[in-house]
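Following: one structure in structure tokens, then a few remarks.
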Amino acid sequence: MSNLAYKYQQQQTQKRQVETKQQSVHVERGRITKGEKLLWMMLVLTFVAASIFMVSNYAKIYNLNTGLQQAEADQRAQVKQNEELQVKVTELSAPGRIVNIAEEKLGMELNDQNVEVINKGS
């Protein structure tokens with residue numbers, strides 16, 4: 001075989017190998033179809049929507065808990081104030097204090113025969 005024929009044969013072999021490699025690379029390459037893209041987009045959108053929904057629910061729960069704690073604190077303060085006012089009413093409505101003010105400041109005198117007792121509930 002001449003040298004020229006040998007070179008030609010080797011070039012043809014190399015071309016076939018290159019064509020085979022190119023074809024195999026082209027065949028191995030996968031494509032993502034439009035349907036797959038749509039499914040992935042729907043999955044991502046569903047995940048984002050679920051995340052937003054969960055975060056908004058947690059925010060609502062946090063706001064409700066904060067409002068509830070504030071209402072409970074206000075209620076405790078009001079109960080304390082009511083108790084203090086009830087003690088003050090009890091102190092101010094003591095019979096000895098009323099008699100003392102009537103005698104000293106208003107110049108009244110206690111007449112036991114002219115006293116009437118009235119029941120509140122009847």
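Quick caveat: nothing in here was measured; it's all calculated off a predicted structure. Heavy-atom basis, side chains included; hydrogens, waters and symmetry copies ignored.
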(message) Can you give me the closest heavy-atom contact between R31 and E36, atom names plus distance?
(response) O-OE1, 4.0 Å

(message) Would you compute the distance between atom CD of Q75 and atom CD of E72 and round it to the nearest 0.5 angstrom?
(response) 8.0 Å

(message) Determine whether L38 and K34 satisfy the following criterion, side-chain contact (heavy atoms from CB on, under 4.5 Å), listing intermediate values before the conclusion.
(response) CA-CA 6 Å; L38 180 65; K34 290 181 182 181; over 6 Å; no

(message) I'd like to know if the side chain of E103 and the backbone of N100 have a donor-acceptor N/O pair within less than 3.5 Å.
(response) no

(request) Would you give the length of the straight line joining atom CG of N57 to atom CD1 of I61, rounded to the nearest 0.5 angstrom? (result) 6.0 Å

(message) Quick check for you: to the nearest 0.5 Å, what is the distance between S56 atom OG and Y58 atom OH?
(response) 11.0 Å

(message) If I take atom CG from residue N114 and atom CD from residue E109, how far apart are they, to the nearest 0.5 angstrom?
(response) 12.5 Å

(request) Evaluate the side-chain proximity of V48 to I52: yes if any heavy-atom separation is below 4.5 Å, no if none is. (result) yes

(request) Could you please spell out the steps behind the side-chain hydrogen bond (donor to acceptor under 3.5 Å, both in side chains) verdict for Q70 and D74? (result) CA-CA 6 Å; Q70 182 63 40; D74 292 344; 3.1 Å; yes

(request) Indicate the atoms forming the closest heavy-atom contact of L92 with I98, along with that distance. (result) O-CG1, 4.2 Å

(request) Enter the distance from E83:CD to L85:CG here, rounded to the nearest 0.5 Å. (result) 10.5 Å

(message) We want to know whether Q78 and N82 form a side-chain donor-acceptor pair, criterion being a heavy-atom distance below 3.5 angstrom.
(response) yes

(request) Check the hydrophobic clustering (I, L, V, M, F, W, Y; side-chain heavy atoms under 4.5 Å; chains of links allowed) and say if I32 and L43 are grouped together. (result) no

